Amino acid sequence: MLSRLMSGSSRSLEREYSCTVRLLDDSEYTCTIQRDAKGQYLFDLLCHHLNLLEKDYFGIRFVDPDKQRHWLEFTKSVVKQLRSQPPFTMCFRVKFYPADPAALKEEITRYLVFLQIKRDLYHGRLLCKTSDAALLAAYILQAEIGDYDPGKHPEGYSSKFQFFPKHSEKLERKIAEIHKTELSGQSPATSELNFLRKAQTLETYGVDPHPCKDVSGNAAFLAFTPFGFVVLQGNKRVHFIKWNEVTKLKFEGKTFYLYVSQKEEKKIILTYFAPTPEACKHLWKCGIENQAFYKLEKSSQVRTVSSSNLFFKGSRFRYSGRVAKEVMESSAKIKREPPEIHRAGMVPSRSCPSITHGPRLSSVPRTRRRAVHISIMEGLESLRDSAHSTPVRSSSHGDTFLPHVRSSRADSNERVAVIADEAYSPADSVLPTPVAEHSLELLLLSRQVNGATCSIEEEKESEASTPTASEVEALRGELRALCQGHGGPEEEQVNKFVLSVLRLLLVTMGLLFVLLLLLIILTESDLDIAFFRDIRQTPEFEQFHYQYFCPLRRWFACKIRSVVSLLIDT
C-alpha cells in the first residue's frame, strides 16, 4: 500500500513542470504547472501576480527548439506547445499595442506598455528622429530618477543611461538639457504618460517586424500595427494598408498572401516569402489575431480561419480573445483602488539596461565624426501620412529608414554586422533605431551597395569615413547571404501546381473509396432503410448486381481462398 502511494506521488510530481516567465522589467516569475495546464491558466497566474486587469493587450512569447518565435495559445496545453525540455522559459510582452495608450484606464497597464515601448526603443524597433529620440529618452530619465538635482546628478550623468543601441555625446547633452529645463516637476506616472503620447505618433509604433522577401527576392519586413499592415523594404516604407482594406490572409508553405480591396473595386494581392514554413505560419497567425483584435466590433464575429485551398482546409486557426472595442468597454467599468506599482527605478537590467556604459560615439575618430552633424532623419517627416487613409503605394525616396545593419566598433578594429535570423531572440530586433547620428556612414554604404545615389553634401562629408574596399565587399557578401534562401517565382509556381495535382488525385481517390463503401452497403448489408430499399428495387441496380457485382465477388472470394490455402500449405 505504501509503495503504491509513493508511486502515485512520484507520478504526480512527474506531471508537474517548472515555468519561468521573464517580465518586462527583466524580473522573473517562476511557477509550477501541471502537464495538461492550458495557456490561459499560466497567463492568469501571471496577471494575478502583476495585479493586472487590462490584460488583453498582453501575451506570452516563447522560442521553440528551431529558434522560431510563437505566441502561447491560451486554449492549448502549455507543455505540448513548447516542445522543449523543462524547465520552460518564456517572456511576458505586449501583444496588441493600444491604439491610444493614454486612454488606458489603470496606471499599472500604462506602466507595462511604457516598459514595452522602452524596450522597443532600446532594441531598435521604434524608429524616430534625433529630436524625438532625445525627448523620449528625457521622459524615461525623468520617470526613473525624478527631477534634476545638481548634487546627485553631476556633469554627464545622462551618459550612464543607455536608451538606444548606440548614441552620441551630442545626443546625451540634448537629453540632459531637456531633462533639466523642460520636465522638472513631472511625476513618474506623468512622464510615462507623456512618453506614451509621443511614442504613439511615430510611424513604427507597435511594429513587430517579420523578416521576409518579395517576389523579386528583395529583403522586406512585414508588421502589423493598430491601424493596419505595414511593409518595410530596405530603407523605405513600401506599403501601408488599413485593416478594413485587408480582405484575406493566406499562406502556403513559405508563401504569404495578403488580399487587399480598395476603393473603386481595386483588388491587389501582395505576395511575400518567409524564411521557413513555420515562420510563415507564425506570420499568418499574427495577422489573423491583429486583424480580429483591431477590426471587429465584437468577439462573437470571430470566425475560424483556414489557409484554404480548393479541396483541403489547410491550417485552421481561431482568435480566442476579446477585441479592442470590448476591452475598452470593459476597462471603463473597472472600479478599484489603484494597485501599487513597483517601478524598476535605477536597477540595471540584463536585456534593456537603464544604467550601463553603452557604446558611445566618443571612441570614433574625429575625422569620422564630421558626418555626425548631418541630419539624416529629415526624410522621415514625409512618412507622416494619415494612419487611416494611406493607400497601397510606393514610397518616395524621402521615406527613408536606416538599413537593417548595425555597426560594432572596438578601439583596435572595425566590422559591420548583419543581424541574422538564426540568432533572433524575443528581445532582439531586426530593425535598428536611427537615433545614433554616427550611423550615417552605414546609410551611405548601404546606398552604395543597393545602387542608390548619395547627395553631393553627403558624399563630401563622408569622404573621410569611406569604408575600404574589403569592408564594402564583406558587406556585399553578407547582404547577398541575407537575400538567399528562396527560389524564384517560377519555382514557387511549379511547386504549387504539383501540390494542386496531388491534392486532386487524393480527393478523387477518396471519392472513389466512399462510393465503394456505399456500394458494399447497398449490396451486402440487410439495412431496411427506405433510401436503400428504393435503390435496390430499381431494374438498373438489379441488373448491375447480378451481371457484374456477383461474378466479381465470386472471383475475389476464389482468389482469397487460394491465397489462404497456399499460406496454410506452406
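Residues: numbered from 1 along the sequence shown. Worth knowing before you read on, the calculation uses all heavy atoms, side chains too, and leaves out hydrogens, waters and symmetry mates. Keep in mind that this is a model prediction, so the values were computed, not measured.
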For [X] and [Y], indicate whether the former's side chain and the latter's backbone hold a donor-acceptor pair under 3.5 Å.
{"X": "Ser330", "Y": "Glu326", "value": "no"}
{"X": "Ser191", "Y": "Pro188", "value": "no"}
{"X": "Thr204", "Y": "Leu127", "value": "yes"}
{"X": "Thr255", "Y": "Phe251", "value": "no"}
{"X": "Gln162", "Y": "Pro165", "value": "yes"}
{"X": "Lys105", "Y": "Ile334", "value": "yes"}
{"X": "Trp243", "Y": "Thr225", "value": "yes"}
{"X": "Arg125", "Y": "Tyr122", "value": "no"}

[atom1]-[atom2] distance between [X] and [Y], expressed to the nearest 0.5 angstrom:
{"X": "His239", "Y": "Tyr272", "atom1": "NE2", "atom2": "OH", "value": "4.0 Å"}
{"X": "Lys248", "Y": "Lys250", "atom1": "NZ", "atom2": "NZ", "value": "5.0 Å"}
{"X": "Cys19", "Y": "Ile33", "atom1": "SG", "atom2": "CD1", "value": "3.5 Å"}
{"X": "Leu196", "Y": "Ile117", "atom1": "CG", "atom2": "CD1", "value": "5.0 Å"}
{"X": "Phe256", "Y": "Lys281", "atom1": "CZ", "atom2": "NZ", "value": "14.5 Å"}
{"X": "Ser77", "Y": "Leu42", "atom1": "OG", "atom2": "CG", "value": "11.0 Å"}

Exercise. Parallel, tilted or perpendicular: which fits the ring planes of Phe293 and Phe96, with parallel below 30° and perpendicular above 60°?
Worked result: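 Parallel: the ring planes of Phe293 and Phe96 meet at under 30°.
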Exercise. What class does the angle between the rings of Phe161 and Phe163 fall in, given that below 30° is parallel, 30 to 60° is tilted and above 60° is perpendicular?
Worked result: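 Geometry flag for Phe163 against Phe161: parallel rings.
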Problem set entry | Among Lys285, Lys80, Gln81, side chain to side chain donor-acceptor pair (under 3.5 Å) partner for Glu73 |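 Checked Lys285, Lys80, Gln81 against Glu73; only one passes side chain to side chain donor-acceptor pair (under 3.5 Å): Lys285.
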For this session: State yes or no: are the ring centers of Phe229 and Phe224 separated by less than 6.0 Å?
Result: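 Yes, ring centres under 6.0 Å apart.
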Exercise. For the rings on Phe43 and Phe58, is their centre-to-centre separation under 6.0 Å?
Worked result: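 Not close enough - the centres of the two rings lie 6.0 Å or further apart.
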For this session: Decide yes or no for Tyr29 and Leu45: does some side-chain heavy atom of the first lie under 4.5 Å from some side-chain heavy atom of the second?
Result: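 When only atoms from C-beta onward are counted, Leu45 and Tyr29 do touch, with a gap below 4.5 Å.
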Problem set entry | Any Pro65 side-chain heavy atom under 4.5 Å of Ser84 side chain |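 In contact.
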Which residues pass the side chain to side chain contact (heavy atoms under 4.5 Å, CB included) test with [X], not counting sequence neighbours?
{"X": "Thr304", "result": "Arg316, Arg318"}
{"X": "Pro277", "result": "Lys254"}
{"X": "Glu329", "result": "Lys325"}
{"X": "Glu107", "result": "Arg110, Ala189, Ile341, Arg343"}

Exercise. Regarding Glu28 and Thr20, is there a side-chain donor-to-acceptor distance under 3.5 Å anywhere?
Worked result: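 No, Thr20 and Glu28 have no side-chain donor paired with an acceptor closer than 3.5 Å.
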Exercise. Who pairs with His70 by side-chain hydrogen bond (donor to acceptor under 3.5 Å, both in side chains), at least two apart in sequence or on another chain?
Worked result: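 With neighbours one apart ignored, the set is Asp64.
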Problem set entry | Derivation and outcome, ring-ring contact (aromatic ring centres under 6.0 Å, His included), residues His179 and Tyr157 | CA-CA 11 Å; His179 177 235; Tyr157 69 99; 5.8 Å; yes
For this session: Hey, could you give me each pair passing salt bridge (charged side-chain N to carboxylate O under 4.0 Å, His left out) that has a residue in residues 47-59? Not counting sequence neighbours.
Result: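 The answer is Asp44-Lys55, Asp56-Arg322.
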